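Everything below concerns the one structure shown next.
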Amino acid sequence: MELAIILVFVFIIWTNEALFGKSLVKEKPKKTADEKFAEAIKDYLKEGFKVRVDCPKDNK
């Protein structure tokens, strides 16, 4: 009897999306190319960039 209950439970979980139209496992939405590009620019700017200025200390 317990085996039948477990099998029914597994069957319902396995076919949940087909039966009820929703999934128990939440999937992350796939990122578009624009979102990936924006994240790449954000990471690049977060690291910063070095600027070397060559000017003498005496500006007389």
Side-chain angles (χ1 to χ4, degrees):
M1 183 65 183
E2 292 88 14
L3 181 62
I5 294 172
I6 292 172
L7 289 176
V8 168
F9 184 68
V10 169
F11 178 76
I12 289 173
I13 290 177
W14 188 16
T15 60
N16 190 32
E17 189 173 351
L19 292 175
F20 303 113
K22 58 183 175 181
S23 176
L24 294 177
V25 179
K26 305 246 178 182
E27 296 180 9
K28 294 182 181 178
K30 294 185 178 182
K31 295 182 181 178
T32 63
D34 291 337
E35 291 172 336
K36 290 178 184 178
F37 182 64
E39 285 185 7
I41 289 176
K42 182 181 76 170
D43 292 339
Y44 176 75
L45 293 175
K46 184 189 253 184
E47 291 176 10
F49 48 92
K50 296 178 183 178
V51 177
R52 181 176 164 200
V53 179
D54 291 330
C55 65
K57 296 200 179 208
D58 298 329
N59 287 336
K60 294 182 181 179

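Small disclaimer: the values here were computed from a predicted structure and weren't measured.
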(message) If the condition is side-chain contact (heavy atoms from CB on, under 4.5 Å), which residues does Glu35 pass it with, not counting sequence neighbours?
(response) Lys31, Thr32
(message) When you group the ILVMFWY residues by side-chain heavy-atom contacts below 4.5 Å and let the links chain together, are Leu3 and Phe11 in the same group?
(response) no
(message) For the CG atom of Asp43 and the CD atom of Glu39, what is their distance to the nearest 0.5 Å?
(response) 7.0 Å
(request) Not counting sequence neighbours, which residues clear side-chain contact (heavy atoms from CB on, under 4.5 Å) with Ile6? List them please. (result) Val10
